[in-house]
Amino acid sequence: MVVPADWKEVRLGDLGSTFGGLTGKSSKDFGEGNSNFVTFMNVMSNVVLNSQGTEKVRIGNGERQSQLLEGDVIFNGSSETPEEVGFGSTVPLELSGLYLNSFCFGFRRKDTKSLDPKFFAYLTRSPLGRDIIRPMAQGSTRYNIAKTNLLNGRFPLPPLKEQEAIAEALSDADAAIKSLDALIVKKRDVKQATMQQLLTGRTRLPGFNADWKEVRLGDLGACLRGVSYKGDSDLSDGDTPTTMRLLRSNNVQNSLIQFNDVQYVNHDCVSDEQILRRDDIVICMANGSKVLVGKTGLYKDSQDARYTFGAFMGCFRSSSDQAHAIFVRYLFLTKQYQDYISNLLAGSSINNLTPKSIESLLFNVPPLKEQEAIAETLSVMDDELEALTEQVSKLRMVKEGMMQDLLTGKVRLV
């Protein structure tokens with residue numbers, strides 16, 4: 001990769017030296033003690049070490065252990081892939097004096113005039129930096145990087161003022177992303193609290209005072225069984241006029257349906273009622289892992305009538321004259337539903353649900369008009385969360401572009 005002429009290719013070992021993490025410790029030394037150390041995941045996850053990513057360790061009198069100094073750059077010495085070995089993370093002032101976990105090592109500059117630590121941490125995480133560090137990784141099932149190999153690595157560095165300007169620009173982008181992430185967490189918490197209030201009747205929307213009634217989910221719709229096919233002969237490798245897309249348990253994650261990695265089943269195996277419709281709720285009815293059983297996803301597509309659901313899946317379809325479909329969708333996101341599923345599976349060696357077990361769940365529900373109003377209120381909150389999530393996703397893409405441009409000298413700030 002070509003970099004500007006005024007950037008210098010520098011051997012890292014000419015700018016400073018490395019030091020190791022904690023040594024001579026056993027499990028009994030961790031979890032309590034008189035000192036703190038920086039965790040492995042703190043290094044992996046942050047360009048600047050997070051003050052909350054520390055844990056207790058016992059350090060005895062006279063122990064010779066290296067302590068962190070402001071401006072040190074910390075590296076994870078191992079990972080499961082060569083792509084994730086040697087991520088740099090710099091030490092802020094508030095973590096000076098702490099210790100480093102034994103799976104990481106540090107780099108300390110000889111002086112402060114040749115290398116900006118935050119710039120270098122960003123560089124190690126950029127495509128250019130990964131191209132330099134990745135070949136240093138050694139191993140097969142677990143990859144490691146030797147301190148000597150990193151010190152012998154040659155990195156292109158701009159003048160110090162430009163390093164500082166690049167680090168500041170990327171830090172500003174990270175701060176904007178962090179702020180949006182925090183706002184999303186806050187709004188999710190508010191939505192969860194609002195759901196708890198509105199879906200239990202503890203808080204009523206203006207204009208509604210009619211009594212709620214206890215009903216079975218089966219009174220609000222029906223839980224349908226998934227497609228049962230004979231074997232591989234009913235499955236297809238691709239999308240053809242005679243096949244349908246088949247959703248399975250791995251397609252339902254985090255209350256959403258993932259439409260990648262779908263299988264295809266012959267249309268002849270699918271009944272009309274097993275063709276998914278808009279606002280159907282797809283349910284994982286059986287799986288080797290109890291964590292996935294009971295997970296649900298809302299099917300939103302109103303035009304493509306070529307999705308169905310597999311034998312280990314179910315689908316709850318609301319009755320339009322008895323229930324508002326989106327209101328029912330929110331019932332499936334309540335703690336009451338989650339607790340009900342957990343109790344059904346507790347002590348059972350068979351991790352599966354039946355349509356009857358879903359339809360038997362009892363809820364207190366308001367009349368249809370109030371269901372519609374509650375669904376609209378919660379949908380507005382979900383739309384806002386979706387917009388913020390999309391916004392932070394775009395910001396991350398912008399930051400990646402900035403790293404590519406600034407850390408190769410394609411765009412100059414000084």
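The residues of the chain are indexed from 1 along the displayed sequence.
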Do you see a donor-acceptor pair shorter than 3.5 Å between the side chains of [X] and [Y]?
X	Y	result
D116	Y122	no
Q274	S271	yes
D321	S319	yes
R329	T296	yes

So with a 6.0 Å cut-off around [atom1] of [X], is the heavy-atom count from everything else above 12?
X	atom1	value
F208	CZ	yes
E94	CD	yes
R109	CZ	yes
K213	NZ	no
E386	CD	no
F312	CZ	no
E168	CD	no
E63	CD	yes

What is the minimum heavy-atom distance between [X] and [Y], and which atoms define it?
X	Y	answer
L22	F30	CD1-CE2, 4.0 Å
G86	T124	O-CB, 3.9 Å
A165	V414	CB-CG2, 3.8 Å
A169	L406	CB-CD1, 4.2 Å
P366	F327	CD-CZ, 3.6 Å
F37	V57	CD2-CB, 3.7 Å

Okay, side chain of [X], backbone of [Y]: is any donor-acceptor separation there less than 3.5 Å?
X	Y	answer
Q322	L220	no
Y330	S379	yes
S89	N46	yes
R204	L198	no
S45	N42	no
K290	L345	yes
D29	K25	no
E84	M44	no
S78	N144	no
N76	F87	yes

First locate atom [atom1] of [X], then atom [atom2] of [Y], and finally report the distance between them rounded to the nearest 0.5 Å.
X	Y	atom1	atom2	result
L205	E372	CG	CD	12.5 Å
N364	L331	CG	CG	10.5 Å
M313	L247	CE	CG	6.5 Å
L100	F103	CG	CZ	11.5 Å
Y299	I257	OH	CD1	8.0 Å
L115	F119	CG	CZ	8.0 Å

Min side-chain heavy-atom separation [X]-[Y] under 4.5 Å:
X	Y	answer
L385	R188	yes
P156	I132	yes
I145	Q138	no
F363	L217	yes
Y99	S35	yes
N36	E55	no
M285	I358	yes

For a side-chain contact (heavy atoms from CB on, under 4.5 Å) check, start with the C-alpha distance between E370 and W212, then their side-chain angles and the critical distance, and finish with the verdict. CA-CA 10 Å; E370 189 170 358; W212 289 35; 3.5 Å; yes
Please walk me through it: do L93 and E70 pass side-chain contact (heavy atoms from CB on, under 4.5 Å)? CA-CA 5 Å; L93 176 62; E70 180 186 10; 3.4 Å; yes
When you look at K186 and D189, which way does the salt bridge (Lys or Arg N to Asp or Glu O under 4.0 Å) test go after all the steps? CA-CA 5 Å; K186 182 177 180 179; D189 290 343; over 6 Å; no
Set of side chain to side chain contact (heavy atoms under 4.5 Å, CB included) partners for S342, sequence neighbours left out: none
Hey, is K300 close enough to D279 for a salt bridge, meaning N to O under 4.0 Å?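 So K300 does not pair with D279 through a salt bridge.
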Would you call the rings of F155 and F120 parallel, tilted or perpendicular, where under 30° means parallel and over 60° means perpendicular? perpendicular
Distance under 6.0 Å and angle within 45° of ring axis: R108 vs F19: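 So R108 does make the cation-pi contact.
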Run the side-chain contact (heavy atoms from CB on, under 4.5 Å) test on T90 and L49 for me, step by step, so that the C-alpha distance in whole Å, both residues' side-chain angles and the decisive distance to 0.1 Å come before the verdict. CA-CA 6 Å; T90 187; L49 291 177; over 6 Å; no
Check the pair R396 / E400 against salt bridge (Lys or Arg N to Asp or Glu O under 4.0 Å), numbers first and verdict last. CA-CA 6 Å; R396 287 194 171 95; E400 290 300 314; over 6 Å; no
For F316 and C223, what are the C-alpha separation, side-chain angles and deciding distance, and is it a side-chain contact (heavy atoms from CB on, under 4.5 Å)? CA-CA 4 Å; F316 188 86; C223 185; 4.2 Å; yes
